[in-house]
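Below is one structure, written out as structure tokens; the observations come after it.
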Amino acid sequence: MTFTLPELPYGYDALGPYMSAETLEFHHDKHHLAYIDKGNELIVGTGLEDMSLIDAMVAAHKDPAKAGLFNQLGQHYNHTHFWNWMAPNGGGKKMDGALEKKITEDIGGYDAFKAKFIEAGMTQFGSGWCWLAMDNATGKLEIVKTPNGENTVVFGKTALLGCDVWEHSYYIDYRNARPKYLEAFVDNLINWDYVAELFEEAK
Amino acid sequence: MLSQRTVARAWSSFLPSSAKSYTSAGDKGDREALTMKYAVREGVAGTSATSSVQNRTKHTLPDLPYDYNALEPTISAEIMQLHHSKHHQAYVTNYNVAEEKLHEAVNRGCVRSIISLQGALRFNGGGHINHSIFWQNLSPNGGGEPTGDLKSQIEKDFGSFEAMKAKLSASTVAVQGSGWGWLAWNKETMRLQIATCPNQDPLEPTTGLVPLFGIDVWEHAYYLQYKNVRADYVNAIYNVANWSDVGERLEVAKKSV
């Protein structure tokens, strides 16, 4: 299948002042599009062309010779969800009951989630992502971090929430202050409705 | 005031082997002088803060050899200021923290702790090494073309300066995520070589290749000015490349074993 750039679910200025229109213009229109274009280019001749994004991504991850392709597909997957993991007036302790209960059971509550999620983002050396994920085998929620374009999906964990900690995601608005960006993300941007949707599907 | 030998000893574990391993006995004096030169110039051995109990020096941020705005328009003053005073400083600070923890773990004989510190040591120590080289690799009087032995070696190993730049640029732009592109010296093959490393992995400890000229392609190195167009930044950086520094490094690299 040929991958295409999904529209942002809100206007470019909708996430201000926590994520600027300028950041979203470059991040969505340039970076995400580049992953898609390169992915469409590299997938030709691999035998993965007719697969869904997830299947192609998982298959590419298993094959070291397809590392370049995986980087693009992984990032396409990650960013497609990322735009939905954020919303205007998001963030804070606003998740629905079932999700909150699960977060309390497995992570220790909202405050523990916030601290561990930010810690994961801060300690991912170089480019990558931090995640709230559900392990498919155990059903437990976990906070993890991955480098570059990797995600939890290729390790058998459903991604419920991810935050991009590549510098292009925050440098325009926060310069080197990655911790401030992560805090703003948790306090003001997380779209808990979408997280809850993914949680329900995964259960 | 620390003796030259103490500083040289403290520094020697971080030196590229190019500056460390001189075979000729007659070079011993040269070696200590060169060791000091690298140690002080690249700020890897600090002399300002010493723990008298452990006789260890803290590492310090080396001064930039030029003003923050000196590399404009190729690299903006804002980028240089953030890059040097925030990013590089953070590597230095965090490396000192990791090294302190390492010493405590060694004193306790705790192998698990020693091993668990390796990531922080590599990341922050590598960041310190890489950036210390980087500031010297660039100059407001840079650009133009290499001369002398560096020029001949480039022509021998790549065919031409343009061919070398094309290879270095292509490899550097293609780095996935954060990392560095390098023009390096291979002591085994006695040839110049292009290499890349991810994140802050330092070239020589990781690959054995001697770093001559590095291009930082972490987004913080270029994003405010070049945004997503990494290729424009990489192509522009040759305007401020300090080929004289690169030539000196090649000379040292060739003398070592």
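Side-chain contact of A:N71 with B:Q176: a donor-acceptor pair under 3.5 Å is present, judged by distance alone.
Taking a 6.0 Å sphere around NZ of A:K62, one finds it holds 12 or fewer heavy atoms contributed by other residues, nucleotides or ligands. Atom CZ of A:F113 has more than 12 heavy atoms from other residues, nucleotides or ligands within 6.0 Å. Within a 6.0 Å radius of NZ in B:K165, more than 12 heavy atoms belonging to other residues, nucleotides or ligands are found. Heavy-atom contacts from other residues, nucleotides or ligands closer than 6.0 Å to CG of A:N89 number 12 or fewer. Within 6.0 Å of atom NZ in A:K94, more than 12 heavy atoms from other residues, nucleotides or ligands are found, so the atom counts as buried in its surroundings. Within 6.0 Å of NZ in A:K102 there are more than 12 heavy atoms belonging to other residues, nucleotides or ligands.
Ring planes of A:Y171 and B:H220: tilted class, angle from 30 to 60°. Taking the six-membered ring where the residue is Trp, B:Y223 and A:F26 present perpendicular rings, their angle passing 60° and hence far from 30°.
With a threshold of 4.5 angstrom between heavy atoms, B:N228 approaches chain A through its backbone and through its side chain. Neither the backbone nor the side chain of B:Q200 comes within contact range of chain A; no heavy atoms are under 4.5 Å apart. Neither the backbone nor the side chain of A:E25 comes within contact range of chain B, judged by heavy atoms closer than 4.5 Å.
Nearest approach of A:S127 to B:S178, heavy atoms of both residues: OG-OG, 2.6 Å. The two residues A:H31 and B:E219 have their closest heavy-atom pair at CE1-OE2, 3.7 Å. Across B:L82 and A:N176, no two heavy atoms sit closer than the pair CD2-OD1, 3.8 Å.
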If you apply the rule side-chain contact (heavy atoms from CB on, under 4.5 Å), what do you find for A:K30 with B:V229, and how did you get there?
CA-CA 9 Å; A:K30 307 278 183 191; B:V229 194; over 6 Å; no
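Atom-to-atom distance recorded for B:K86:NZ and A:R175:CZ is 12.0 Å, nearest 0.5 angstrom.
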